[in-house]
Every structure is written in C-alpha cells, then in structure tokens.
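Here is how names work: the chains are called A, B, and so on, in the same order as the sequence lines, proteins then strands, and each is numbered from 1. Just so you know, these numbers come straight off a predicted model, no measurement behind them. Atoms considered below: every heavy atom in the structure, side chains included; atoms not considered: hydrogens, waters and symmetry mates.
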Protein chains: 4
Amino acid sequence: MGAEHQTKTKIKEAALRLFVEQGVSETTVRDLANAIGMAEGTLYRHYATKEELTRELSQENYAAFADRIRNTAGTQESLRGKLRAIAKDACRLFDTEPTLYRFLLLIQHETLPRLPKGSANPLAAVRSVIAEGIKQGEAKITDPQLGAAMVLGLLIQPALALVHGSLSGPLSRYADDIASACERVIIR
Amino acid sequence: MGAEHQTKTKIKEAALRLFVEQGVSETTVRDLANAIGMAEGTLYRHYATKEELTRELSQENYAAFADRIRNTAGTQESLRGKLRAIAKDACRLFDTEPTLYRFLLLIQHETLPRLPKGSANPLAAVRSVIAEGIKQGEAKITDPQLGAAMVLGLLIQPALALVHGSLSGPLSRYADDIASACERVIIR
Amino acid sequence: MGAEHQTKTKIKEAALRLFVEQGVSETTVRDLANAIGMAEGTLYRHYATKEELTRELSQENYAAFADRIRNTAGTQESLRGKLRAIAKDACRLFDTEPTLYRFLLLIQHETLPRLPKGSANPLAAVRSVIAEGIKQGEAKITDPQLGAAMVLGLLIQPALALVHGSLSGPLSRYADDIASACERVIIR
Amino acid sequence: MGAEHQTKTKIKEAALRLFVEQGVSETTVRDLANAIGMAEGTLYRHYATKEELTRELSQENYAAFADRIRNTAGTQESLRGKLRAIAKDACRLFDTEPTLYRFLLLIQHETLPRLPKGSANPLAAVRSVIAEGIKQGEAKITDPQLGAAMVLGLLIQPALALVHGSLSGPLSRYADDIASACERVIIR
DNA sequence: TATGAATGAGCCTTCATTCAT
DNA sequence: CATGAATGAAGGCTCATTCAT
C-alpha cells in the first residue's frame, strides 16, 4: 500500500516543476522520466497519457488550493478579514512554494480550458466567499464573480511581476498592500 | 509596393488568431499556411523561423498596446482620470478586438520571457503613468511597479473570466466597476 | 547483450552501402530506415544525427583500413615487400568488399574534411611505412608524404576506373602491375 | 551577340567555385544566384535545371582538359616527353586554377557518373597518349587504360593532399618528382 | 528578359505511445 | 511492474522549380 501513491506523487512533483519551468507542451515524456529517474514506459503504468497526468495535476492542485482558500477564509468572521487572510496566505504560498503557485495561477490558460466545467477551483472559492459577504451586506460590489476575478488579478499579477523580475523580493513584502487593495476593491 | 507588407500583415493576423485559439506551441506552421491559404514554404520567405514570427508579433503588439495606454492616459489630466480612461479603453479593446486582447494579456508567459528586456510593454506604460501620479502626490500607493501590476490584474482577470465563460456579456458592461476598482487601489 | 551493437552494425552496413551507391547527401534517413526495415525514429536512438552516423562510419573504417595497412606491412621486412603487400591486399579488399573500398577511397572529400585532424587514416599509415623505409635507405624518394599520396593514387584510380567501367574484371587482375608501379615510384 | 554567352560564363564560374567549395548537392540554386547577383528564376532562363548546369559544366571542362592534355602531349615527340609534359602542366594548372583543377579531378564521382559514356575526358586523353606510346614500343606496360588510371592517380592524390593540408606549397614544387613517377610507371 | 514570391514535395528530427523482454 | 528500443505521425524547415508581373 502506498507504493503506487508514492510513485504518482514523485511523478506529479516532477511534472509540476517541469511544466512550470518549461511549459506543458515543451516538457517531453522523456524529460519527465529523466527527472524522476524512471523509464519512459513506466510512466504509462501510472498515467494513461501525458494529457491525463496534466489533467490530474491541475484538478488536484486547483481543488487543494480552493480548499486552502476556503479554510483560510474560515478562520475569519468578516469578509474584510477573510479577504485579507486570503491575500496574505497567497503571498505566503508564493514564497513557500513558488512552483506550485506559478502552476496554479500562471499556467491557467494552458491547463484550465481542459478542466471539466464544475471542478473545484480558486476562482469559485473566492467567489463564494465574496457571495457570502454580499449577502451579509459587507461588500460594495454586487457581482461576486467579477469581484473574485478582480481579487485574483490582484494576487496573480504582482506574482507574475516577481517571476519576470520587474518586482523583487518575497511577495510577502507586498502582502499588506495587496491585502489592502483587495479590501478596497470589495469591501463597502 | 506594399505587397510584402500586406503579406506579412496577413500572416500576422492569422498567427494572432491561431496562437490565441490554440496556443503558440500548438499552432503548426502548416496550420498557419492553411489558414492563410498559402504554401508552408512561403511563410519562410517572410519570417526566417516560426520563432521570429512569434517574437515580432509579440513585440509589435506589446509596443502598440503600450502606446495606446500612453495615448489614452494623455487625454486626461489627473491620475484618477488616466486610470479610469485606461481601464475603460482596455474593456473597449477587449470587446472590439478580443483576439488581440487575449494575445496581449493572456499569452504573457508564453511570449513575454522571450522578449528583449527593454521592449515597450503595457506594464511599463502603466507604471510610468502611476509613477507620474505618485510624484504629483495623487497616489496612495508608493511602489509604482506594484501598482501597475495590480491595475493590470484588475484588467486581465475579468477578461480571462469572460473567456472562460464564468463571466458573461461584453467586458464594457463591467468597465465602470473595473475603473472604480483601479481608482480605489491606486488613488489617495 | 550485444543487441545495441548489432543494431548499430546493421545501420552502419546499410549506410555504407547506400552512401556509396547514392552519395551521402543523396541518401535520406528514410532510405536508410527502409533499407534496414526499421522506423526512421529508431535510427535516432542509436545516432543523434545523420551527421554523427556519417562521422562514426568514416572514422571507424578509416581507422580499420589504416590498421589493415599497418598489419599488412608488418608481414614484410623490406619496404619493397611492404609496398607490394599493401598494393595486393588493397586489390583483394576491393574485390572482396567493393563497397567498403569505395567508401574508403572514393568518398574521401565528402567525408574526410569533417574528420578530426589527427584521426587514423590510410594516407598516414602508408606515409609511416614509407618514412621508415626512407630511414633505412630503401627509398628513392625523400618526401614520405608525397610518396604516400602517389601510392594511394596508384591504388585508387584503377579502382575508380573499374567502378566507372573503363577497366574491367577484378582489380586483382592488375595487382601485380599496380604493385610494380608502387615499387618503381618509391623504391631506390 | 555574346550577351547570352557572357551570362552563361558568369554562371558557370560561380557554379564551379561553389561546387568545389561546398559540394554540388550542398550548393543551392539560391547560393548560385546570390553569388552571381542574379535572381533565382533568371538562372532557369539559361539552364533548364541545376542538373543541366552541372552536366554542361562537367562536360565542357572535361573536354577542355582533355584537349589541353592532347595539346601538351603534342608538343613532345617521345612518350616519356609527353608524360613529363602532361604531369608538369597539370601541376601548373593546379597552382594557377586550383578551383578548376579540383573540379576536374577531385569531384569526379559526384559528376562523372552522370556524363554520357563517350564524352571527352582526361582519362581517355591520357589513355590515347599511352596507347600510341605502346604501339611505338616505348612503354613497359601493356594496358593503356590501366596506365592512364595510374598516371591520373599520380596527378590527383598529391593534389588532394595539398587540398587537405597534408602536403604544402605549390604543387609545382613536386612537379619533377611526379613527372618522374609517371615516367617510371609507364616507360620501358 | 529579369525578378523574386510562391509552391509543395521532401528532408531531418522529435515525441507520445506501444510492446517485447 | 519496470524497461527502453521501436514506432510512425507530425513538426519545422529547405530547396529546385514555376509563374505572375
């Protein structure tokens, strides 16, 4: 028990890293096999196709991040508190696991379009947080979907600027500013 | 006269569309040729490699969009006015030329890392608008780079949500909300 | 065990034959694959490029032929004996393995310029035989390099004439005449 | 009048040089056009195909060289004199027009196989000189074709050694040695 | 006649996937 | 289960040749 699980984990770790470093299309099955120290053919014992690996990787990480967002929000009472907590936690995540973060937020269009419509995803998580706040009368905006998109934009683009080198230092350095921006955009 | 120019234009239009629809790596030179109704080899009389076409396409469009941002900002006096104008113009652009917009903003990391460091780009254009506003004491934030990233985030993610179908209607429908968000994030 | 060796050998045999029959540039990777009964892609597991295959083929055969010349010379005491033995052995080789011989001697400039400067080659082998003879006072000529070139000329051009059909029959039919010619050109 | 002739001459000069420098297959029609300063399509007004240009180039130069050999031989009475004269003239030609010489003698197998069987060629020219000498009882060898091949070998391989850099200086430096070698191989 | 853009078959190479060991 | 050689369909690119101007 767990051997299969471990192997899949190893594969997914390598895939995550290589997909982020080189892009999904640009990462070959051989690249993956080499990185793991495993034969090419062996990969196919765990995933039917490269496509399936990609999908599973996306789905799982999106779901996990959505959970993380929900949990983070759960630690706070007010919408304002929830948003600030989410923003700060996202910054922390970027600094702690930049590869995962980049995969989650920056690779979106390479993987998102292939995900089943209803899968758990960060945008939906943020939206439901905001929707709840709207119901409670805490928000100034009225469209939770738009609000969620904007919040995500505030979290993604500074991270991208860091990746490209136009911003420097840990993202946490900007956590307060970003949190405040989220607050101002959403909160009444 | 201009035949060469026209052909290149036709190639770039097709490339823009296919790159956005399918991704850069996923678009083959044959796809391009077929879309234009041109032999594969002919493409190579105009661009030495697919890579060169991609680069030229990115550079030109990034530069043009940066110009557009600067011009839009130039129509207004205050930072607040400039930001609102930029936001609204971006929404208009998305609705008018969705393909171009998607190329500009969504293809970023497939394309941006390959651009020469100093090339004209939207982020830099927004940054200099904000930097000027900071000097004039109009901004609440202090880091123009961070501010520019956040503004871009507010413009990009709603657009992305539209593309993914989680938001509907023309982006202009949200133009006011987005403009206000930009204002609240940046302005004193 | 040896499977890899066998496959490479099969590839090299086919390459040798096709390169001689059609020329190196004129032989496509598909030609090679078809001749071997192997997929094109498979070739690339054994040789990184067609260029690498060509180089290895040349180097190995040149080195082997140089060895053969040295060994043949080693069976004789006198320079005269060595030269006659080399000439006769070369004729035998042409009759026995015409493809190899043609590759060695006729493909020279398609192939030689790409070889590393110091690689073992027939010209050097003959030169050192002659150089030794000069030291022993057995030669009439004084420049071993020139002597070696002339001896090679006496071995190559009759072979070429046979290939072109202007001379007929096995080259061995002319072995004595060629051996005598070598002798007269070099020996005191 | 002569305009056509001049153009063809310019084309042939460029072709000769490029074919020798890069090989026939490796020289593209565009290479040729660029070297001449002429459009690609224009070449086809003078030669129906690259193949035809190659053939004409070979035929003419082979014929001219065969003539030159016959003329050189004609200046001498004895077979010995003829051979020495031919050898020395060949060395002179190599030093004066190395490109032409390389084309004539070193590119043989790239072009010879395509020539019509009976075309004038150096080997035939030398053969008839030797055949005449045999009839006159001046030769020690009995097969004029073999003799001609060997003489050509003595002229070609030293030239090749020079080209490859294993021999240095003008070929004329070795003219006497080569002439003597020819004499010893052929003359009674 | 000259031009050079256009053609399209074909070249070398890559890569996701299969399969015998 | 693991392996890695084998497969073959593309992919990017080249090039002899054609043709509208």
Side-chain angles (χ1 to χ4, degrees), chain A residues 3-4 7 24-34 36-54, chain B residues 1 3-4 6-8 10-11 24-34 36-54, chain C residues 1 3-4 6-8 11 25-34 36-54, chain D residues 3-4 7 24-34 36-54:
Chain A
E4 162 68 0
T7 307
V24 176
S25 308
E26 288 69 21
T27 300
T28 71
V29 173
R30 185 172 297 182
D31 286 342
L32 282 170
N34 287 345
I36 309 167
M38 169 185 279
E40 292 172 65
T42 308
L43 276 170
Y44 284 83
R45 214 154 283 284
H46 302 282
Y47 293 97
T49 64
K50 181 186 170 185
E51 163 82 21
E52 184 185 305
L53 164 59
T54 305
Chain B
M1 187 226 100
E4 160 70 0
Q6 272 179 47
T7 307
K8 283 190 114 179
K10 256 178 30 183
I11 294 173
V24 175
S25 309
E26 288 70 20
T27 300
T28 70
V29 172
R30 187 161 304 169
D31 287 342
L32 281 170
N34 288 344
I36 309 168
M38 169 185 278
E40 284 178 69
T42 307
L43 279 169
Y44 287 87
R45 187 167 291 277
H46 302 282
Y47 293 97
T49 63
K50 181 187 169 186
E51 160 85 20
E52 184 184 304
L53 164 60
T54 305
Chain C
M1 185 226 99
E4 160 70 1
Q6 271 178 49
T7 307
K8 283 191 114 178
I11 295 173
S25 309
E26 288 70 20
T27 300
T28 71
V29 172
R30 184 163 305 171
D31 287 342
L32 281 170
N34 288 345
I36 309 168
M38 169 184 276
E40 285 178 67
T42 307
L43 279 169
Y44 286 85
R45 189 167 289 277
H46 302 281
Y47 293 96
T49 62
K50 180 187 170 187
E51 161 85 19
E52 185 184 303
L53 164 59
T54 306
Chain D
E4 161 69 0
T7 306
V24 175
S25 307
E26 286 70 20
T27 299
T28 70
V29 172
R30 184 172 299 182
D31 286 342
L32 283 169
N34 287 345
I36 308 167
M38 169 184 278
E40 293 173 63
T42 309
L43 276 170
Y44 285 83
R45 216 156 281 286
H46 302 281
Y47 293 97
T49 64
K50 181 186 171 187
E51 163 83 21
E52 183 185 304
L53 163 60
T54 306

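Here CG of B:L32 is found 8.5 Å from CD1 of B:I11. Values are rounded to the nearest 0.5 Å. Atom CG of A:L43 sits about 7.5 Å away from atom CG of A:L53, to the nearest 0.5 Å. A distance of 4.5 Å separates NE2 in D:H46 from CE in D:M38, rounded to the nearest 0.5 Å. Distance check: B:T49 OG1 to B:E52 CD gives 5.5 Å after rounding to the nearest 0.5 Å.
Atom CD in D:E51 sits roughly 18 Å away from atom P in F:dC15 (whole-Å rounding). For D:R30 and E:dA6, the CZ to P distance is 12 Å, given to the nearest whole Å. The separation between B:E26 atom CD and F:dA10 atom P is 15 Å, rounded to whole Å. Protein atom CD1 of B:I36 is 10 Å distant from nucleotide atom P of E:dA6, rounded to whole Å. One can place CD of D:E52 at 10 Å from P of F:dT17, the figure rounded to the nearest angstrom. In this structure, C:Q6 places its CD atom 16 Å from C1' of F:dA6, rounding to the nearest Å. In this structure, the CG atom of A:L32 is 16 Å from the P atom of F:dG4, given to the nearest Å. Distance, D:K50 NZ to F:dT18 C1': 17 Å, rounded to whole Å.
Residue contacts for B:V29: at a heavy-atom cut-off of 4.0 Å it reaches the sugar-phosphate backbone alone, with no base atom in range.
Nearest heavy atom pair, residue C:S25 against residue C:K50, reads O-NZ, 3.8 Å.
In the region residues 37-48 of chain A, proximity to DNA chain E at under 4.0 angstrom, judged on heavy atoms, holds for A:E40, A:G41, A:Y44.
Secondary structure note: stems in DNA chain E built from 3 or more consecutive Watson-Crick or G-U wobble pairs under 3.5 Å occupy E:2-21 with F:2-21.
Of the candidate nucleotides F:dG11, E:dT17, F:dT17, F:dG11 has the atom nearest to the side chain of B:T28.
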